[in-house]
Amino acid sequence: MKLLGSTEKRSCEVCVNDLNLNVTLEEFIKHFRELSQIRLANVGFMPGAERLIKHLHANGIPICVATSSGDESVAVKTKNHQEVFKLFHHITKGTDPELKEGKPAPDIFLLAASRFETKADPNDVR
């Protein structure tokens, strides 16, 4: 639970430090990325997610992804789902240089929201 939503680097730091691992942070990150390439290659959608994404897109509702995952991890996870990920306006990742804090801080959500071309009116409930 301590790692959910944290950035890749932060997750690796916690693992190395909290578990007193006899490995450098750089070595752990390298191994983590290698395992991620294997284990995340066939990640599927949660039930109903693909249908919801397509519905929102078909109805002109702009959506984006805000993930703490890094560039490599996102590339692996989305590789087999490009047709769906093309429906998103943009993807904001945990490796974004503008990101100051990872989840649970709201930074990634605020950054992702700021990248929409038009700003939504919170009073517009259609």
Between [Y] and [X], is there a side-chain heavy-atom distance shorter than 4.5 Å?
X: H90; Y: V65; answer: no
X: K54; Y: R51; answer: no
X: E98; Y: D107; answer: no
X: N22; Y: E27; answer: no
X: E8; Y: T95; answer: no

Report task. May I ask you to decide if E13's main-chain N or O and N17's side chain share a donor-acceptor pair within less than 3.5 Å? Result -> yes
Query raised in the report: Has the side chain of S114 got a donor or acceptor atom that lies under 3.5 Å from a matching backbone atom of L111?
Result: yes
Query raised in the report: Yes or no on side chain to side chain contact (heavy atoms under 4.5 Å, CB included) for T92 and T67, after CA distance, side-chain angles and deciding distance?
Result: CA-CA 6 Å; T92 303; T67 178; over 6 Å; no
Determine the minimum heavy-atom distance between [X] and [Y], stating which atoms define it.
X: L40; Y: V43; result: O-CG2, 3.2 Å
X: V74; Y: S69; result: CG2-CB, 3.8 Å
X: C15; Y: L3; result: SG-CD1, 3.7 Å
X: I108; Y: S68; result: CD1-N, 4.1 Å
X: R115; Y: H89; result: O-CE1, 3.4 Å
X: K93; Y: I91; result: CG-CG2, 3.8 Å

Using 0.5 Å steps for rounding, measure from the [atom1] atom of [X] to the [atom2] atom of [Y].
X: F45; Y: L52; atom1: CZ; atom2: CG; answer: 11.0 Å
X: K77; Y: R39; atom1: NZ; atom2: CZ; answer: 14.0 Å
X: E101; Y: L99; atom1: CD; atom2: CG; answer: 8.0 Å

Let me check something: do [X] and [Y] share a hydrophobic cluster, defined by ILVMFWY side-chain heavy atoms less than 4.5 Å apart, either directly or through other members?
X: I63; Y: V84; value: yes
X: L19; Y: V23; value: yes
X: F32; Y: V14; value: no

Query raised in the report: Any idea how H81 and F85 line up, ring-wise: parallel (<30°), tilted (30 to 60°), or perpendicular (>60°)?
Result: tilted
**Report entry** Under-4.0 Å salt bridge between D71 and R33
**Finding:** no
Query raised in the report: Using 4.0 Å as the upper bound for N to carboxylate O, is an ion pair formed by E34 and K30?
Result: yes
Query raised in the report: Taking the six-membered ring for Trp, are H57 and F88 ring centroids under 6.0 Å apart?
Result: no
Query raised in the report: Can you list the steps and then say if V76 with S36 is a side chain to side chain contact (heavy atoms under 4.5 Å, CB included)?
Result: CA-CA 8 Å; V76 171; S36 294; over 6 Å; no
Query raised in the report: Between K103 and F109, is a side chain to side chain contact (heavy atoms under 4.5 Å, CB included) present by the stated rule, with each step listed?
Result: CA-CA 9 Å; K103 296 174 188 173; F109 301 111; 3.6 Å; yes
